[in-house]
Asker: 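If you scroll down you'll find the structure; I have some questions about it.
Atoms within each ligand, like the ligands themselves, are counted from 1 in listed order.
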Amino acid sequence: MASGDPNPTVLDTDIQELPGVGERRAEPLRKAGISTFRDLLRHYPRRYLDRSTVTPIRQIVEGGTEAIMVVGTVTGKSQVGQGRKVRFELKVTDESGGTLKAVWFRGGHYIGRQFRNGDRLALHGKVEKYGSTFSMAHPDFDKLDDAKAALDTGRIIPLYPGTAALEKVGLTSRAFRRLIYGLFKEHGLAIPEVLPESVRQRHDLIAGNVALRAVHFPKSRDELGRAVRRLKFEEFFFLQLLLALTKGRQKREPGTTLAGMGPLARRFVEDVLPFEMTGAQKKALRHIAQDTASGAQMSRLVQGDVGSGKTVVGVAAMLMAVDAGFQAAFMAPTEILTEQHYANIKSYLEPLDLNVQLLIGGQRKKLREEILESVAGGEADVVVGTHAIIEDTVAFKNLGLAVVDEQHRFGVMQRASMFRKGLRPHMLMMTATPIPRSLAMTVYGDLDVTVMDELPAGRKPIDTRLYTEKRREDMYAFLKEQLREGQQAYVVYPLVEESEKLDLKDAETGASELMERFRPYKVDLVHGRMLAYEKDEAMERFKGGETDILVATTVIEVGVDVPNATVMVIEHAERFGLSQLHQLRGRVGRGGDQSYCFLMADYKQTAESKERLQAMVETTDGFVISETDLRIRGAGDFFGTRQSGLPDLKIGDVVRDQEILGEAREAAFALVESDPELRAPEVASAREHFARTAPKSLGFARVG
Ligand code: ADP
Ligand code: MG
């Protein structure tokens, strides 16, 4: 809702005012994100029905992997089985004379009540063949009355995404078509063009109101194609505009000027580090030196696979700040990781005689006060802490540079909140989550990016094996062999939030079994419910070599570094996501020794988990893994918007529409480059649209 807008237009009208909506329908509409006329216009069809998209049942081919659409009449319904195993089946027969079964294993009662014999239906889903019948499990469906007309006359009918709550108040696809039709009839001419004329011409885009009408009521496939392209472009354009303005603003923000690698940074790299930096590490440091000497704020993301050696890059960057007389901070997402970084950084900086402080929750009050004082007074040169450093009241005397480790947990919002607090240090974000380029453009579109695409020399690819229970004994025998050679191992259990207790029991039982079996080797357990100091102590014992096997829930996921650990056993591997598996596996293979990863999986696996586990066996390359992950999960899930802090896309798809995304990005960045405040009259309506629709919570990206 755009209350308080300077000049609200008819598009800002409350959805309840639309004839055919009313109070009862307004509520579920708002819940579905449709509060105004504008929102309704952008409630895009999820699919279209016409002759070209419907497959006659008789023409279905066995073994197809793509979802298809069939349209037919309900010719039978039945409930099969009993109790919790009950499933609901619907027979649908179409004009080709074929019959298909739609099956629901859940929610059958609800579904059952909705259908009557004779109903016309469109079903969308993947088809499998059992015996001689084709069936679709949990298809997406629409009740139709006008399908026949569409199929006979060549009309294209839009099908809208819905929810149970919307259907309950009669808001089916058909109802949406009527509402939107009414909206156009009444107000079609009042829809303003929001893209600048020059952008439209350059990229050959049809007018906004024409596109909106055509996306809802296409006259032809061709027209629909042009409409969709235009609307995708528009969506990407405004998202990229947000990023461009943010970036532009950061670039204009006068920054403290550092002087590259000073004496401390140099001594660290040349004398303290026991190894030569990789080419990729040197490249990252060059970029950082340039950014921080430019006079503007640095906002750089270093993206490097697990084990590529990001930490030392962060430390050297901090030393550039200390060299120039500033303080520096190093932030990590979890306490375990923070303490580990603290221990590392402290020992790195000891020979340089620097004051390094640790700030985490749970420190004694007196100690914390002393630390805060040294931070505020400027005695502390380097502060290592959780992200809480920037979230609460820590005052720095002169913070020059902040490193944020594992940036994928540190969203745009948090960066904004830091800026709002008046802290304006150079920012160096580091992430091991390799994102495909297409996604990087959106998620990190306002950052400069350095890709560290090189692992330290001498690393051996991790030997990954997928085992079921049958081979558990083999795995144990192998593990024993490794322990005998003085190596250490992790055994990781998944932690699913809903059943946290149960999973913990799994890990606990696992730990005591291992203790029995591997006596006299030492087994330790670390999990999320332990107190911070207990976790640390367990990690310390493992790091110091006192413990041989560390059993853990996923608290060890990111960043933990114990080079002597060479075996990673992942229990219930089928329950983990792909990038999480990759992160976990990255805990081994960090020294020169050959390392191993055992994926212990259940016999029963979904097609998806099979694909994930297979990918793990096949490659250790984080970028390949992330592309696979993206393909399996789709873009929406890959990067939750909540994490990235970016708005949801309604029509664009960052993976499939990379080309349009690239064009829109170029256009948006070019616009901001030539007109940083969007002042030209030609862009007035774009600017207004942006001001109205850009997520206000980002705050720092406002124009005007
Ligand atoms: P990540 O990028 O996953 O954060 P780390 O910074 O934890 O990686 O480094 C992984 C391991 O590699 C650490 O033990 C670190 O000391 C070591 N390391 C870092 N850079 C190099 C290098 N240039 N040569 C050899 N070992 C290195
Ligand atoms: Mg790291």
Asker: For the ring pair Tyr342 and Phe330, is the centre-to-centre distance below 6.0 Å?
Answerer: no
Asker: Please verify whether a non-hydrogen atom of Gly304 lies at under 4.0 Å from ligand 1.
Answerer: no
Asker: Can you find a side-chain donor-acceptor pair between His426 and Asp291 that sits under 3.5 Å?
Answerer: no
Asker: Which heavy atom of His527 sits nearest a heavy atom of Thr553, and at what distance?
Answerer: CA-OG1, 3.3 Å
Asker: Looking only at heavy atoms of Glu276, does any of them come nearer than 4.0 Å to an atom of ligand 1?
Answerer: yes
Asker: Which is closest to atom 5 (P) of ligand 1 in terms of heavy atoms, Glu454, Arg590, Gln583?
Answerer: Arg590
Asker: Find all atoms of ligand 1 within a distance of less than 4.0 Å from any non-hydrogen atom belonging to Val306, and give their numbers and elements.
Answerer: 3 (O)
Asker: State, without any angle test, whether Thr450 and His287 hold a side-chain donor-acceptor pair at a distance under 3.5 Å.
Answerer: yes
Asker: I'd like to check which ligand 1 atoms, numbered from 1 as shown, lie under 4.0 Å from a non-hydrogen atom of Thr278.
Answerer: 23 (N)
Asker: Under 3.5 Å between any N/O of Val312 and any N/O of ligand 1: does that happen in this structure?
Answerer: no
Asker: Which label fits Phe518 and Tyr476: parallel for a plane angle under 30°, tilted from 30 to 60°, or perpendicular past 60°?
Answerer: perpendicular
Asker: Which ligand 1 atoms does Thr311 reach within 4.0 Å, using its non-hydrogen atoms?
Answerer: 4 (O), 5 (P), 6 (O), 7 (O)
Asker: In ligand 1, which numbered atoms sit nearer than 4.0 Å to a non-hydrogen atom of Gly307?
Answerer: 1 (P), 2 (O), 3 (O), 8 (O)
Asker: At under 4.0 Å between heavy atoms, is it the side chain or the backbone of Arg459 that contacts ligand 1, or both, or neither?
Answerer: side chain
Asker: Counting only heavy atoms, which portion of Met277 has something under 4.0 Å from ligand 1: side chain, backbone, both, or neither?
Answerer: backbone
Asker: For a quick check under 3.5 Å, do Gln488 and Asn564 share a side-chain donor-acceptor pair by atom type?
Answerer: yes
Asker: Spell out, as yes or no, whether a donor-acceptor pair under 3.5 Å connects the side chain of Arg585 to the backbone of Ile570.
Answerer: no
